[in-house]
Protein chains: 2
Amino acid sequence: MSQTVDRALSILPLLAEGPADLGQVADRLGVHKSTALRLLRTLHEHGLVYRQSDQRYRLGARLFALAQEAMENLDIREIAHPHLARLNEQCGHTVHLAVYEENEVLYIDKVESRYPVRMYSRIGKPVAITVAAVAKLLLADLPEPERRALAQQLDYPLYTARSTPHAEAFLKELATVREQGWATDLGGHEESINCVAAPIRGADGRVVAAMSVSAPNVVVTAEELLTLLPLVRRTADAISGEYSGRTPVKDRTE
Amino acid sequence: MSQTVDRALSILPLLAEGPADLGQVADRLGVHKSTALRLLRTLHEHGLVYRQSDQRYRLGARLFALAQEAMENLDIREIAHPHLARLNEQCGHTVHLAVYEENEVLYIDKVESRYPVRMYSRIGKPVAITVAAVAKLLLADLPEPERRALAQQLDYPLYTARSTPHAEAFLKELATVREQGWATDLGGHEESINCVAAPIRGADGRVVAAMSVSAPNVVVTAEELLTLLPLVRRTADAISGEYSGRTPVKDRTE
DNA sequence: TCAGGCGTTGCATATTGTGCAACAGCCATT
DNA sequence: AATGGCTGTTGCACAATATGCAACGCCTGA
């Protein structure tokens, strides 16, 4: 691995916390100012870093554009979206789409009816992996050794009294989820919020994404929410069908 | 500027176009495979790049997380958002917030009432800079030489018959906008869509952001939309006041 | 079974990044 | 106004670091 690039990339999360000046960056990187300067310049040329009027550095615009483009190229998301929207119209609740990547689960789409605002607020953010219904589905499908290894290395924060407490409980829950083909989160993340989720599978049967419907129990009780399960599963299956129907490997030079 | 970092960062836009394997990356960078490998590995360790099951590389999850965090730390956005939402409630149309950065104008927030879906679709994407009402406001406030230089180097695509045709017309328009303190886009980007926009100013009077209301003329005519101008300007002024510190800090209880 | 393609590794070379020290510009202090 | 300190910037000599090569291992398809 490359030291220079490593240092340069370490600047990004650092700036994500907030603007910083040259000296601060150099200090936190543990390098000379002049070195930090050259790294920042290179990042700047690529638009990943922006120099605001007070001379401090911020994350730049191209970062958004890149994240943007990357998202639009996710074909699962594109295929799934109309289905999610339709489901949202039918039940009125928040609908999520999530994928697993590199020991994390993240939302890649969200349709929310009540508060159209702040929609992007959680897209791209890692999910509470030990409790979220979609996370259970995605992890349950991992190869057994990988699943076990991951479960061991995770933290198990007690968001609520119903949060998954430790690795054993989690693995047991994953086994159940794997068998039944759907998952729930009943107040495991936030006391008053319940979710039901279903898996989306590729042509080979492996889980490529998961979707969920969430609602606070002041609106519907957990039992009422569970009555939506068949609808959620049908939607997920429809997406699976469409996703696996298309040619799985799309090389433009074919 | 650092060559190694430069090469590594060049990989990102390349992958934004779509997944690529090691050979493709090496070719397009003009370096040896082993070099590309080490760069990709470093990017991978930082989560900017993800290796999917077919071994090809994609842009990774941390990119979203970074873009996310960077956004949330934009204080203008945070201050402006409740105002935008309120304006949206009052008039029902789409409301945008945009900033200028590095020869580009980009939307950093958007509130849309009719179709809550696909809200993020344009946030972060560069704006049609020669016609958008918000762009006119932001560019009109640049120092004269910079404004002129930028106007010359821009392309002037003819989206519609009413698009700004060339640099001279653009500079003239900017002068007008600068004087009157507001801007419009009447079908200059999409035939049927009109916008009115107003500037948001910092404590020193410089334009730090711009906001607009957009509506298709099947809903309201251009004249009707213009009647909203006072409301838009009041909203922008309210944000300016709060941003520059004149108005006491935001109270969330309204 | 073999051939071809792709990803991966260790290594010698010199290209590339590094830290130093000196310089320049800015603001606040006297 | 003049001074001192702070921050960003530049040129340079040195060596640490990235690079390309060639060889290897692995998988796929013939």
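Just so it is clear: chains get the letters A, B, ... in the order the sequence lines come, proteins before strands, and each one is counted from 1.
Residue order along DNA chain D, read from the 5' end via each residue's closest nucleotide, puts A:Q24 first among A:Q24 and A:S2.
Under the 4.0 Å criterion applied to side-chain N and carboxylate O atoms, B:R62 and A:E102 are not assigned as salt-bridge partners. Ionic pairing of B:E45 and B:R41 is not present here: no N-O contact between side-chain nitrogen and carboxylate oxygen is shorter than 4.0 angstrom.
As rounded to whole Å, 7 Å separates atom P of D:dT10 from atom CG of A:L37. One atom, CD of A:Q3, and another, P of D:dA18, lie 6 Å apart when rounded to the nearest Å. Computed from coordinates, the B:H32 NE2 to D:dT19 P distance equals 12 Å when rounded to whole Å. One atom, NZ of B:K33, and another, C1' of D:dG20, lie 12 Å apart when rounded to the nearest Å. Atom-to-atom, CG of B:D27 to P of C:dG5 comes out at 14 Å; the value is rounded to the nearest Å. At whole-Å resolution of the value, CG in A:L39 and P in D:dT17 are 13 Å apart. Atoms CE (A:M1) and P (C:dG17) sit 17 Å apart, rounded to a whole Å. Summarising the geometry, the separation between CD on A:Q52 and C1' on D:dT7 is reported as 16 Å, rounded to the nearest angstrom.
Picking from D:dC21, D:dG8, C:dG19 the nucleotide with the shortest atom distance to the side chain of A:R51 gives D:dG8. Distance from the side chain of B:R41 is smallest for C:dT9 among the nucleotides D:dA18, D:dG20, C:dT9. Minimum atom distance to the side chain of B:T4 is reached by D:dA18, of the listed D:dG20, D:dA18, D:dT9. Out of C:dG19, D:dT19, C:dG7, the shortest distance to the side chain of A:R7 is found at C:dG19.
Within the nucleic acid shown, A:R56 has no heavy atom closer than 4.0 Å to any nucleic acid atom.
Contact between the side-chain N/O atoms of A:T35 and the OP1/OP2 oxygens of C:dG19 is found at a separation under 4.0 Å. Residue B:R38 places no side-chain N or O under 4.0 Å from the OP1 or OP2 atom of C:dG7.
Classification of the A:H96-A:Y107 ring pair by plane angle, with boundaries at 30° and 60°, yields parallel.
Scanning atom types as modelled, one donor and one acceptor separated by under 3.5 angstrom connect the side chain of B:S34 and the base of D:dG20.
A side-chain donor-acceptor contact under 3.5 Å links B:T164 to the backbone of B:T130.
Once rounded to the nearest 0.5 Å, the distance linking CE of A:M211 with NE2 of A:H83 reads 9.5 Å.
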